[in-house]
Amino acid sequence: MEARLNLFENSVTAKFFRYINSAGKVLSDSSLPAATQELVKIRASQINGCGFCTDMHTKDATAAGETVQRLHMVAAWREAKVFTDAERAALELAEEGTRIADAAGGVSDEVWANAAKHYDEEQLAALVSLIALINAYNRVNVLVRQPAGDYQPGMFG
């Protein structure tokens with residue numbers, strides 16, 4: 001498969017990614033746990049069918065020490081015993097935040113309250129921003145049919 005547009009050589013998308021990558025740096029430097037960040041990125045990418053981001057974030061998570069078992073269970077996190085209550089709350093918020101069009105009311109009060117039980121205000125802000133950011137990345141990659149499989153951890157950093 002070939003991408004419809006070269007995101008890395010196009011001057012507009014190169015500039016766009018410089019800006020949103022700097023937003024991503026703010027989030028990676030936040031107090032939201034790094035493992036939670038990767039799990040959220042993986043789950044949103046799975047929902048959106050973004051192979052490029054799913055490839056990238058599973059490989060980054062593995063390089064950071066995430067277990068294969070947990071990575072295999074992200075798509076079925078509700079039935080998996082390998083996630084903490086806080087991680088489950090983040091995954092649930094990521095799902096509802098990604099599937100906004102599927103829910104008439106957007107993110108439910110119950111899902112928000114559950115996340116707020118586990119994360120402080122700074123972490124919630126990082127989590128909300130992360131969900132929005134990964135959805136933006138997913139949409140760009142899906143729109144241009146960015147091929148997946150060649151990513152190597154650290155190749156963009």
Side-chain angles (χ1 to χ4, degrees), residues 1-30 32-64 66-80 82-83 87-108 111-112 115 123-157:
M1 179 164 93
E2 286 232 3
R4 293 172 168 161
L5 182 68
N6 188 327
L7 297 175
F8 307 107
E9 292 181 7
N10 181 284
S11 63
V12 172
T13 55
K15 185 185 259 186
F16 174 76
F17 281 117
R18 274 196 304 277
Y19 283 112
I20 67 171
N21 288 345
S22 65
K25 176 79 169 109
V26 170
L27 303 176
S28 65
D29 290 345
S30 76
L32 184 65
T36 301
Q37 291 189 41
E38 289 302 325
L39 294 173
V40 163
K41 290 184 243 183
I42 292 164
R43 186 63 190 127
S45 299
Q46 290 171 334
I47 292 166
N48 289 323
C50 183
F52 186 83
C53 289
T54 301
D55 180 47
M56 173 189 280
H57 296 296
T58 55
K59 288 176 178 175
D60 283 347
T62 300
E66 187 59 78
T67 68
V68 172
Q69 180 188 24
R70 283 171 40 99
L71 292 175
H72 284 304
M73 298 305 297
V74 171
W77 64 267
R78 282 179 177 78
E79 293 81 24
V82 297
F83 301 107
E87 290 168 336
R88 294 161 106 35
L91 288 165
E92 186 174 36
L93 185 62
E95 282 193 4
E96 284 202 6
T98 298
R99 292 183 164 139
I100 290 174
D102 297 341
V107 174
S108 72
V111 168
W112 182 263
Q123 292 170 323
L124 281 171
L127 188 53
V128 166
S129 300
L130 179 66
I131 293 164
L133 184 63
I134 191 60
N135 275 278
Y137 280 116
N138 291 165
R139 277 153 179 74
V140 170
N141 287 318
V142 170
L143 279 165
V144 302
R145 293 187 179 162
Q146 188 66 35
D150 294 333
Y151 176 79
Q152 296 300 315
M155 72 185 273
F156 295 127

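None of the values given here were measured: they were computed from a predicted structure.
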Roughly how far apart are Cys50 SG and Met56 CE, rounded to 0.5 Å? 9.0 Å

Got a donor-acceptor contact below 3.5 angstrom from the Glu96 side chain to the Val111 backbone? no

Given side-chain contact (heavy atoms from CB on, under 4.5 Å), test Thr62 with Val68 step by step and report yes or no. CA-CA 7 Å; Thr62 300; Val68 172; 5.6 Å; no

Has the side chain of Arg88 got a donor or acceptor atom that lies under 3.5 Å from a matching backbone atom of Ala80? yes

Side-chain donor/acceptor of Arg43 to backbone N/O of Leu39, under 3.5 Å: no

Exercise: identify the closest heavy-atom pair between Gln123 and Pro33: NE2-CD, 4.2 Å

CG of Asn48 to OG1 of Thr98: how many Å apart, nearest 0.5 Å? 5.5 Å

Counterpart residues, side-chain hydrogen bond (donor to acceptor under 3.5 Å, both in side chains), relative to Thr58 (two or more places apart): none

Do any N or O atoms from the side chain of Glu38 and from the backbone of Asp60 form a donor-acceptor pair under 3.5 angstrom? no

What one should report as the nearest heavy-atom pair of Ala23 and Leu133 is C-CD2, 4.3 Å

Matching residue for Leu27 among Leu127, Ile134, Leu130 - test: side chain to side chain contact (heavy atoms under 4.5 Å, CB included): Leu130

Restricting to non-hydrogen atoms, name the atom on Tyr151 and the atom on Gly154 that form the minimum distance, rounded to 0.1 Å. OH-N, 3.3 Å

Does Leu7 reach the side chain of Phe16, with side-chain heavy atoms less than 4.5 Å apart? no

Flag, side chain of Asn10 to backbone of Asn6, donor-acceptor distance under 3.5 Å: no

Got a sec, which residues hit side-chain hydrogen bond (donor to acceptor under 3.5 Å, both in side chains) with Arg70, two or more places apart in sequence or on another chain? Glu66, Glu87

Is the count of non-hydrogen atoms from other residues, nucleotides or ligands lying under 6.0 Å from Asp150 atom CG greater than 12? no

Separation between CE of Met73 and CD of Glu79, rounded to the nearest 0.5 Å: 7.5 Å

Mind telling me whether Phe8 and Phe52 have parallel, tilted or perpendicular rings, with 30° and 60° as the class edges? tilted

Between Arg78 and Glu95, is a side-chain contact (heavy atoms from CB on, under 4.5 Å) present by the stated rule, with each step listed? CA-CA 11 Å; Arg78 282 179 177 78; Glu95 282 193 4; 2.8 Å; yes

Is Asp55 reaching over with its side chain to a backbone N or O of Gly51, donor-acceptor style, under 3.5 angstrom? no

Intermediate values then yes/no, side-chain contact (heavy atoms from CB on, under 4.5 Å), Gln46 and Ile42: CA-CA 6 Å; Gln46 290 171 334; Ile42 292 164; 3.8 Å; yes

Check Ala90 against Thr36 and note the closest heavy-atom contact, atom names and distance. CB-CG2, 3.6 Å

Looking at every non-hydrogen atom in both residues, tell me the closest pair between Gln37 and Ser30 and how far apart they are. NE2-OG, 3.7 Å

Begin from the C-alpha positions of Lys41 and Tyr137 and carry the test side-chain contact (heavy atoms from CB on, under 4.5 Å) through to its verdict. CA-CA 10 Å; Lys41 290 184 243 183; Tyr137 280 116; over 6 Å; no

Is any side-chain heavy atom of Gln146 less than 4.5 Å from a side-chain heavy atom of Cys53? no

